[in-house]
*Asks:* 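I'd like to ask you about the structure that follows.
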Number of protein chains: 2
Amino acid sequence: MPKGEETIGLRSRAGAGRGLDDMDRKISGVLARDATVSYSDLSAEVGLSPAAVHERVRRLRAAGVIRGTTADLDGPAMGKPMLAFVHVNTRGWGKTRSLLSLSAFPEVEEIHSATGDTCLILKVRVASPHALEGLLARVYDVEGVIGTKTYMALSTHLERGVQAGVTAAFDVDDHVRD
Amino acid sequence: MPKGEETIGLRSRAGAGRGLDDMDRKISGVLARDATVSYSDLSAEVGLSPAAVHERVRRLRAAGVIRGTTADLDGPAMGKPMLAFVHVNTRGWGKTRSLLSLSAFPEVEEIHSATGDTCLILKVRVASPHALEGLLARVYDVEGVIGTKTYMALSTHLERGVQAGVTAAFDVDDHVRD
DNA sequence: CTCCTTCCAGAATGGTGTTCGCCCGATTAC
DNA sequence: GTAATCGGGCGAACACCATTCTGGAAGGAG
């Protein structure tokens, strides 16, 4: 819906990605939306032979650009209709190490160290308020945790993985390189 | 790392998932980790014939339990090494509608309406501080936006999709149903 | 100019996804 | 208690696709 800005789909050997050319970005973009496409369809979409596409995908995987291919499950269907972001405050640094044990809970989907007025940001998906309570209890069990602040997601309007495209208007080259 | 709690992998027709039995959860769990496995390997892992597994996966897709299969890209490799959560405050409700236009930016990965001292939570992945500045400018362009608070992710310790498992100790049945 | 590297197209093949028909167990009605 | 009906899984056949190999063209470096 934004007005004039263009998404970079064609870019000649951009900065961060070492050997990532336009074709790689195009292929990655398609697979990031739907990885079930056959190499035949994929090759037709990007304008290359199936063999060439196969080789590129293999290298993208090997290089870690494509970290994996996963099935995206539905939270509510999995019995976890509640999504929340939990900001955790700890006393001093380094306490985040013990909080990594939270990875063992399938309810915890993301753990980030953060700047701002909080130390750690958790993304959790739980079955019920009671389940959230139980999870928060585990967080408080960790030594050094001072407090938490929970943001419940009332509705999710967009939720997707890393996108291949980059907005041209936000690109580094446009305004920084002068 | 948590001590005693068990993850439910086997559960007889739990509440939220209507027709989801143990086999469906097991299959979903495997595919959520790696969707590249062949039906042969998958069938061997869950203890079913390839044909039966195929039929179940087809139904899981049709039912929306498996929403899609996507390639997980690497942020830094895609030229977007910076991850941030942006909390947006608006004047009054209903302003979130216009903010949905942010979906057009590949930098925006998630948009949630939220409770707490904020209205909207965005998950954004950008190339540079300058790109983040440009994106924030777009947010402020939206009518009714009072302010934002940005939490930069210093390091990501865990980032994954919806998990099939549910922690037994957090389950509704354990303490609510008595 | 020549060699080297890199990349892509075309063809062959082994594996796999997909479908069909049959069989078994559970449920229901009589 | 018996029989009919339904749902689900198994085994096999077929078609499709992933994967590999070979050849050839384009771009650089010496």
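Every chain is numbered from 1, with letters handed out A, B, ... down the list of sequences.
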*Asks:* Measure from the side chain of R56(A), starting at C-beta and using heavy atoms only, and say which of dC8(C), dA11(C), dC10(D) lies closest.
*Replies:*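 So the side chain of R56(A) is nearest to dC8(C).
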*Asks:* Taking CG from D24(A) and P from dT6(C), how many angstroms apart are they, rounded to a whole number?
*Replies:*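 Those two atoms, CG and P, are 15 Å apart.
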*Asks:* How about T69(A) and R61(A): does a side-chain donor come under 3.5 Å of a side-chain acceptor?
*Replies:*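 Indeed, the side chains of T69(A) and R61(A) share at least one donor-acceptor pair under 3.5 Å.
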*Asks:* Choosing from dT19(C), dA18(D), dC8(C), which nucleotide comes nearest the side chain of L48(A)?
*Replies:*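 Closest nucleotide to the L48(A) side chain: dC8(C).
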*Asks:* Provide, to the nearest angstrom, the distance between the CZ atom belonging to R59(B) and the P atom belonging to dT19(C).
*Replies:*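 Answer to the nearest Å: 15 Å.
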*Asks:* How close or far is atom C1' of dC10(D) from atom CD of E55(B), stated in whole angstroms?
*Replies:*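 From E55(B) CD to dC10(D) C1': 13 Å.
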*Asks:* Taking the side chain of S40(A) as its heavy atoms from C-beta onward, which of dG9(D), dT20(D), dA18(D) lies nearest to it?
*Replies:*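 Closest nucleotide to the S40(A) side chain: dA18(D).
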*Asks:* Of the options dA9(C), dA12(D), dA18(D), whose atoms approach the side-chain atoms of S49(A) most closely?
*Replies:*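 In terms of side-chain proximity for S49(A), the closest of dA9(C), dA12(D), dA18(D) is dA9(C).
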*Asks:* For T115(B) and Y151(A), does a side-chain donor sit closer than 3.5 Å to a side-chain acceptor?
*Replies:*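 No, no side-chain donor-acceptor contact under 3.5 Å.
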*Asks:* Nearest whole Å is fine: how far is dC7(C) C1' from L20(A) CG?
*Replies:*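 Rounded to whole Å, this separation is 16 Å.
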*Asks:* Judged by modelled atom types alone, do E107(A) and T167(B) share a side-chain donor-acceptor pair under 3.5 Å?
*Replies:*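 Their side chains do contain a donor-acceptor pair, which is all the 3.5 Å distance test asks for.
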*Asks:* Need to verify one output field. Residue with the more 5' nearest nucleotide on DNA chain D, R58(A) or D41(A)?
*Replies:*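 This one resolves to D41(A).
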*Asks:* Side chain of H54(B): nearest nucleotide among dT19(C), dA11(C), dG9(D)?
*Replies:*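 The closest nucleotide is dT19(C).
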*Asks:* Kindly indicate, with the supporting measurements, whether the criterion ring-ring contact (aromatic ring centres under 6.0 Å, His included) is fulfilled by H87(A) and H87(B).
*Replies:* CA-CA 12 Å; H87(A) 289 203; H87(B) 290 203; 5.3 Å; yes
*Asks:* Which of the following nucleotides, dT19(C), dG10(C), dT19(D), is nearest to the side chain of Y39(A)?
*Replies:*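 Shortest atom-to-atom distance from the side chain points to dT19(D).
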